[in-house]
Novice: 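Can you keep this structure in mind? I'll have questions shortly.
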4 protein chains.
Amino acid sequence: MIIDIDARSDVPIYEQLRRGVIAGIANDELAPGDRLPSVRALAVDLGVNLHTVNKAYALLRDDGYITMRRGSGAVVAERGAGAADAPGDARIEGELHRLILEHKAGGGDAAAFLDLVRTQLARIYGE
Amino acid sequence: MIIDIDARSDVPIYEQLRRGVIAGIANDELAPGDRLPSVRALAVDLGVNLHTVNKAYALLRDDGYITMRRGSGAVVAERGAGAADAPGDARIEGELHRLILEHKAGGGDAAAFLDLVRTQLARIYGE
Amino acid sequence: MIIDIDARSDVPIYEQLRRGVIAGIANDELAPGDRLPSVRALAVDLGVNLHTVNKAYALLRDDGYITMRRGSGAVVAERGAGAADAPGDARIEGELHRLILEHKAGGGDAAAFLDLVRTQLARIYGE
Amino acid sequence: MIIDIDARSDVPIYEQLRRGVIAGIANDELAPGDRLPSVRALAVDLGVNLHTVNKAYALLRDDGYITMRRGSGAVVAERGAGAADAPGDARIEGELHRLILEHKAGGGDAAAFLDLVRTQLARIYGE
DNA sequence: GTGGTCTAGACCACT
DNA sequence: GTGGTCTAGACCACA
């Protein structure tokens with residue numbers, strides 16, 4: 001799994017890490033039961049601080065994507081076992097609502113937005 | 001137009017203001033040529049800092065949603081005339097990409113995501 | 001409000017801080033809308049690190065006890081407005097279950113446990 | 001007796017083991033004089049580290065719940081004969097105090113807390 | 001002036 | 001060897 005960090009981005013590093021792991025899970029590069037690199041190892045690997053990786057892992061744990069145990073490291077959790085499954089959908093709906101409003105305010109319509117969605121779905125799920 | 005500020009949200013107040021104006025434009029509560037409340041009036045009205053409203057208006061101006069002239073206040077711009085058309089779509093695509101990945105990592109599939117999108121489109125554009 | 005920190009306790013300092021604030025809220029020393037001391041001020045006051053206080057405040061925020069905003073400081077939230085209200089009760093029930101089991105395993109019975117509970121209720125709510 | 005280890009809990013495994021044995025004693029699944037599984041057998045059975053089981057047994061022995069002799073394994077002790085009788089009650093009272101404070105800070109009152117207690121007592125001692 | 005983020009380095013608990 | 005906690009100090013975003 002490759003996560004590239006952009007230190008100049010306005011997205012915090014820990015959030016970039018979180019998204020990278022989520023992308024890895026979505027792309028099946030990380031399967032349930034797989035061990036993530038240790039906090040220290042990933043920190044050295046990416047050239048960021050240990051605590052930054054730790055925060056990203058803690059967020060992923062709180063959202064149910066991974067489990068962590070003091071002496072055992074971090075492991076990808078089973079899908080659908082997270083504590084944030086239902087609220088996760090609610091959050092995604094909220095963000096979609098906001099995106100559609102921005103799109104409409106910029107002059108778009110429903111069909112144009114659906115096109116954007118289909119394009120991205122094809123990128124991820126294939127055609 | 002009503003903008004409600006959620007003090008508990010982790011979204012910055014200036015960003016909530018920005019989104020509120022965009023929502024007003026999208027919902028046709030704010031039409032091109034309409035005048036927005038003055039920075040001072042809105043700040044007093046919402047009980048937030050002057051600088052906060054100022055920042056929100058500046059961002060809206062940078063994205064082409066409104067025009068500002070010293071002395072004449074802020075006015076809603078014509079749709080499609082802004083600087084944000086092309087970059088706006090790119091940003092929306094990026095956010096969609098991320099949302100789909102999170103949704104898939106949480107166990108969702110393409111059809112389920114399309115359902116979420118259609119639900120939100122119906123909320124905004126009507127059925 | 002007074003919070004005394006025991007650095008030798010096996011309870012983490014941030015957890016002692018969290019409990020102290022909760023006790024303050026329960027004892028009506030902290031009412032909804034009251035401002036908590038700033039992270040820096042409390043850290044200096046108690047002789048602990050800024051980040052330790054920050055973590056305690058973040059936990060209290062996640063449990064809905066307080067709200068925090070970058071330039072505004074921390075404020076005691078309205079009761080019953082937290083995100084953890086229902087799960088809070090579930091957690092308390094779980095801990096009660098465990099305590100009763102330990103009490104029974106040590107030779108206690110239901111009446112004796114109720115006595116312990118009534119004693120503590122009297123300490124907090126008065127007789 | 002069945003002890004299920006929750007890998008996602010933030011409670012250390014040795015503590016989950018300790019609580020499991022205490023629950024077994026409280027539920028009369030483990031009677032005074034019964035032999036517990038050997039450290040090795042339980043470790044293999046649960047898929048946890050030998051040291052972890054060892055630590056749990058040591059804690060149970062220190063609290064007077066079990067007795068251990070080299071070669072003869074661990075045996076459930078007589079009730080009320082342990083070293084944990086007096087200190088156990090003090091610890092339980094302390095935890096009750098904390099729970100009541102959290103409950104009150106979340107908007108509860110004495111009657112509501114007593115209801116929670118009675119519900120859990122009924123679960124364990126029957127109605 | 002406030003909290004948020006990041007870095008650096010230490011010690012401890014757990015497996 | 002792993003993550004958890006704490007300290008120390010810096011810079012930035014927000015109000």
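Owing to the predicted nature of the structure, the values given are computational and were not obtained by experimental measurement. Below, chain A is the first sequence line, B the second, and so on; all start at residue 1.
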Novice: Please compare M68(C) and V48(D) by the position of their nearest nucleotide in DNA chain E and report the one closer to 5'.
Specialist: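 Between the two, 5'-proximity favours M68(C).
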Novice: According to side-chain hydrogen bond (donor to acceptor under 3.5 Å, both in side chains), who are the partners of R19(D), at least two apart in sequence or on a separate chain?
Specialist: E15(D)
Novice: Looking at dA15(F), dG3(F), dT5(F), which one has an atom nearest to any side-chain atom of S38(A)?
Specialist: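 Of the options given, the side chain of S38(A) lies nearest dG3(F).
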Novice: Please report, rounded to the nearest Å, how far the P atom of dT2(F) is from the CG atom of L36(A).
Specialist: 13 Å
Novice: Round to a whole Å and report the spacing from CG of L59(C) to P of dG3(E).
Specialist: 15 Å
Novice: Answer with base, sugar-phosphate or nothing: what part of the nucleic acid does I13(D) contact at a heavy-atom distance below 4.0 Å?
Specialist: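 Result for I13(D) = sugar-phosphate.
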Novice: Select base, sugar-phosphate, or nothing to describe what N49(B) touches, counting heavy atoms under 4.0 Å on all strands.
Specialist: sugar-phosphate
Novice: One pair to check against side chain to side chain contact (heavy atoms under 4.5 Å, CB included): Q16(A) and D4(A). What are the steps and the verdict?
Specialist: CA-CA 8 Å; Q16(A) 297 184 45; D4(A) 52 337; over 6 Å; no
Novice: Go nucleotide by nucleotide along DNA chain E from the 5' end; which of G71(C) and G47(A) gets its closest nucleotide reached first?
Specialist: G71(C)
Novice: I'd like to know if R40(C) reaches the base of dG3(E) with its side chain, counting only an N/O donor and acceptor under 3.5 Å.
Specialist: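 Pair found.
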Novice: Quickly work out the I5(A) CD1 to dT7(E) C1' distance and round it to whole Å.
Specialist: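 Value for this atom pair: 15 Å.
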Novice: Look at the side chain of R70(C) and decide which nucleotide, out of dT15(E), dC6(E), dT2(E), has an atom nearest to it.
Specialist: dT2(E)
Novice: Examine dA15(F): is either OP1 or OP2 under 4.0 Å from a nitrogen or oxygen in the side chain of R69(C)? Give yes or no.
Specialist: yes
Novice: Decide yes or no, distance alone: a donor-acceptor N/O pair under 3.5 angstrom between the base of dG4(E) and the side-chain of H51(C).
Specialist: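 When only heavy-atom distances are counted, H51(C) does not reach the base of dG4(E) through any donor-acceptor pair under 3.5 Å.
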Novice: Taking only distance into account, with no hydrogens and no angle test, what donor-acceptor pairs under 3.5 Å do side-chain atoms of residues 22-39 of chain A form with protein atoms, sequence neighbours excluded?
Specialist:
from, atom 1, to, atom 2, distance (Å)
N27(A), ND2, A23(A), O, 3.1
D28(A), OD1, R79(A), NH2, 3.4
D34(A), OD2, A31(A), N, 2.9
R35(A), NH2, S72(A), O, 3.4
S38(A), OG, A41(A), N, 3.0

Novice: Check whether any side-chain N or O of R18(D) sits under 3.5 Å from a backbone N or O of A58(D) as a donor-acceptor pair, and report yes or no.
Specialist: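 Here the side-chain-to-backbone pair does not exist.
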Novice: In what stems does DNA chain E take part, counting only runs of at least 3 consecutive Watson-Crick or G-U pairs whose two distances fall under 3.5 Å?
Specialist: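 Paired runs of 3+ in DNA chain E: E:1-14 with F:1-14.
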Novice: Considering just the side-chain nitrogens and oxygens of N54(C), establish if one lies under 4.0 Å of OP1 or OP2 belonging to dG4(E).
Specialist: yes
Novice: Which of these nucleotides, dC6(E), dT15(E), dG4(E), is closest to any side-chain atom of Y14(D)?
Specialist: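 Given the options dC6(E), dT15(E), dG4(E), the side chain of Y14(D) is closest to dT15(E).
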Novice: The test is side chain to side chain contact (heavy atoms under 4.5 Å, CB included); show your working for I13(C) and V53(C) and say whether it passes.
Specialist: CA-CA 8 Å; I13(C) 294 175; V53(C) 178; over 6 Å; no
Novice: Quick one: L60(C) CG to dG3(E) C1', roughly how many Å, whole number?
Specialist: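 Taking atom C1' of dG3(E) as the reference, CG of L60(C) is at 15 Å.
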Novice: Go through dT7(F), dC14(F), dT5(E) for me and flag the one nearest to the K55(A) side chain.
Specialist: dT5(E)
Novice: If we only count heavy atoms from C-beta on, is the L17(C) to L46(C) side-chain gap below 4.5 Å?
Specialist: yes
Novice: Checking side chain to side chain contact (heavy atoms under 4.5 Å, CB included) between H97(D) and each of L99(D), I100(D), L101(D), which is the one that passes?
Specialist: L101(D)
Novice: May I ask you to verify if any side-chain N or O of R61(C) is less than 4.0 angstrom from the OP1 or OP2 atom of dG4(E)?
Specialist: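 True: R61(C) side-chain N/O within range (under 4.0 Å) of dG4(E) OP1/OP2.
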Novice: Using atom types as modelled and distance alone, determine if a side-chain donor or acceptor of R69(A) lies under 3.5 Å from a backbone N or O of A7(D).
Specialist: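 Indeed, once roles are kept as given, a pair shorter than 3.5 Å links the two residues.
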Novice: Taking atom P of dC6(F) as reference, at what distance in whole Å does atom CG of D10(C) sit?
Specialist: 11 Å
Novice: OP1 or OP2 of dG3(F) less than 4.0 angstrom from a side-chain nitrogen or oxygen of S72(A), does that happen here?
Specialist: no
Novice: Write down the distance between CG (L42(A)) and P (dC6(E)), rounded to a whole number of angstrom.
Specialist: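 Those two atoms, CG and P, are 14 Å apart.
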Novice: Take atom OH of Y57(A) and atom C1' of dT2(F), then tell me their distance rounded to the nearest Å.
Specialist: 12 Å
Novice: Between L50(C) (CG) and dC6(E) (C1'), how many Å, whole number?
Specialist: 13 Å
